[in-house]
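Scope of the values below: all heavy atoms of this structure, side chains included, with no hydrogens, waters or symmetry mates.
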Number of protein chains: 2
Amino acid sequence: MTTAKRDTYTPETLLAVAVDVFNERGYDGTSMEHLSQAAGISKSSIYHHVTGKEELLRRAVSRALDGLFAILDEPGAQDGRAVRRVEHVTRRTVEVLMNELPYVTLLLRVRGNTGTERWALERRREFDQQVSRLLEAAVADGDLRADVDIRTATRLLFGMVNSLVEWYRPQPEGSVERDQLADTVVRLAFEGMRAGR
Amino acid sequence: MTTAKRDTYTPETLLAVAVDVFNERGYDGTSMEHLSQAAGISKSSIYHHVTGKEELLRRAVSRALDGLFAILDEPGAQDGRAVRRVEHVTRRTVEVLMNELPYVTLLLRVRGNTGTERWALERRREFDQQVSRLLEAAVADGDLRADVDIRTATRLLFGMVNSLVEWYRPQPEGSVERDQLADTVVRLAFEGMRAGR
């Protein structure tokens, strides 16, 4: 059953609705019927915009991935000492996560049952590997500790950063809380919780 | 449809099967039929052991919660400077997580749709709050940095620790990797990734 709401969706606004439903029900648990109910338009109206739910998933995770990969092209990630670059990438990853919260949340929950999901997992791995290589370079420079396995450090760093999708509640852009949170993550990840260092 | 396998389950072995199914399909997505298929015994055989899937969930998350709360009663969590106690709790939380991986994984995925799930969430919050209070005491002692909000630090610490359920693959107890991983988490959380401190 669908209501008779007129279809005034743009690709972006329909995507926003779909991402919320995916995050709520899980991608596997979402049918076109669920999407139609949430959007308040008929299934055929949705098919007017996209070929199906997998296209919506692909667009949604692409938005998250594009945001993350764009960080690696920023001057702060390209120039200067590796440790500064990796701090920049960490800070910006937190910011992209806050700015694109539902899209990154969906990306982090992808399991790999469909081609699109496996592609998304592969891209996530590529991003993590690029950060790993930066960490390695910073260890080689003597700026990061050499007594910790890089693969484990990368996972724990992303464990910390990605946990935001579980507890961060959106704040207006430019708010003090947002800036502080990005600072706090960088400080704890690189300097730790101990005082007097 | 169930096979005719004889019911040789104990409460523990049946629980282990159920936890795997819950983690695979999600608790909401698991029916008694799924449990019956996975266990290879009839639904009525399962009802011989438990009143239903919610009792299995309660037992499973209790096992995880009991393991976590027991840490807080250990001498290492009770005696000495707060910073040492919180380091002990962090290290032991990683160990409980590795020892009880499927049970803690389930606990961390609980959403709060049923009474048991809400109870589990409440108990998790209590555990987090006790760790928060230890962190606060360590800040008051001057051992942990005072320039970071305790609530955020607690969340990021657990974000790092709990991420293990996403990527840790079980290793034999007493293996070098296991001990190193607990060390690494404590080191990164308290001292950070920076070298030369």
Given the options A/Leu135, A/Val148, A/Val83, B/Met193 meets side-chain contact (heavy atoms from CB on, under 4.5 Å) only with A/Leu135
Comparing B/Thr152, B/Asp143, B/Thr184, B/Leu181 against chain A, the one with the most heavy-atom pairs below 4.5 Å turns out to be B/Asp143
- Message: Looking at A/Arg84, I want to see if its CZ is surrounded by more than 12 non-hydrogen atoms of other residues, nucleotides or ligands under 6.0 Å.
- Response: no
If one checks every heavy atom of A/Val185 against chain B at 4.5 Å, the contacting part turns out to be both
If one checks every heavy atom of A/Asp149 against chain B at 4.5 Å, the contacting part turns out to be neither
Rounded to the nearest 0.5 Å, the CG atom of B/Asp147 sits from the CG atom of A/Asp183 at a distance of 9.5 Å
All heavy atoms of B/Gly142 vs all of A/Ala195, minimum pair found to be O-CB, 3.4 Å
In terms of heavy-atom contacts, B/Ser163 and A/Gly159 come closest through CB-CA, 3.4 Å
Crowded around B/Arg109 CZ? As in, over 12 foreign heavy atoms under 6.0 Å? yes
Under 4.5 Å to a heavy atom of chain B? For A/Glu177 that would be neither
> Is atom CD of B/Glu126 surrounded by more than 12 heavy atoms (other residues, nucleotides or ligands) closer than 6.0 Å?
Replying inline: yes
message = Please check this pair: side chain of A/Arg145 against backbone of B/Gly192, looking for a donor-acceptor N/O pair closer than 3.5 Å.
response = yes
A/Glu24, CD atom: more than 12 neighbouring heavy atoms under 6.0 Å:
no
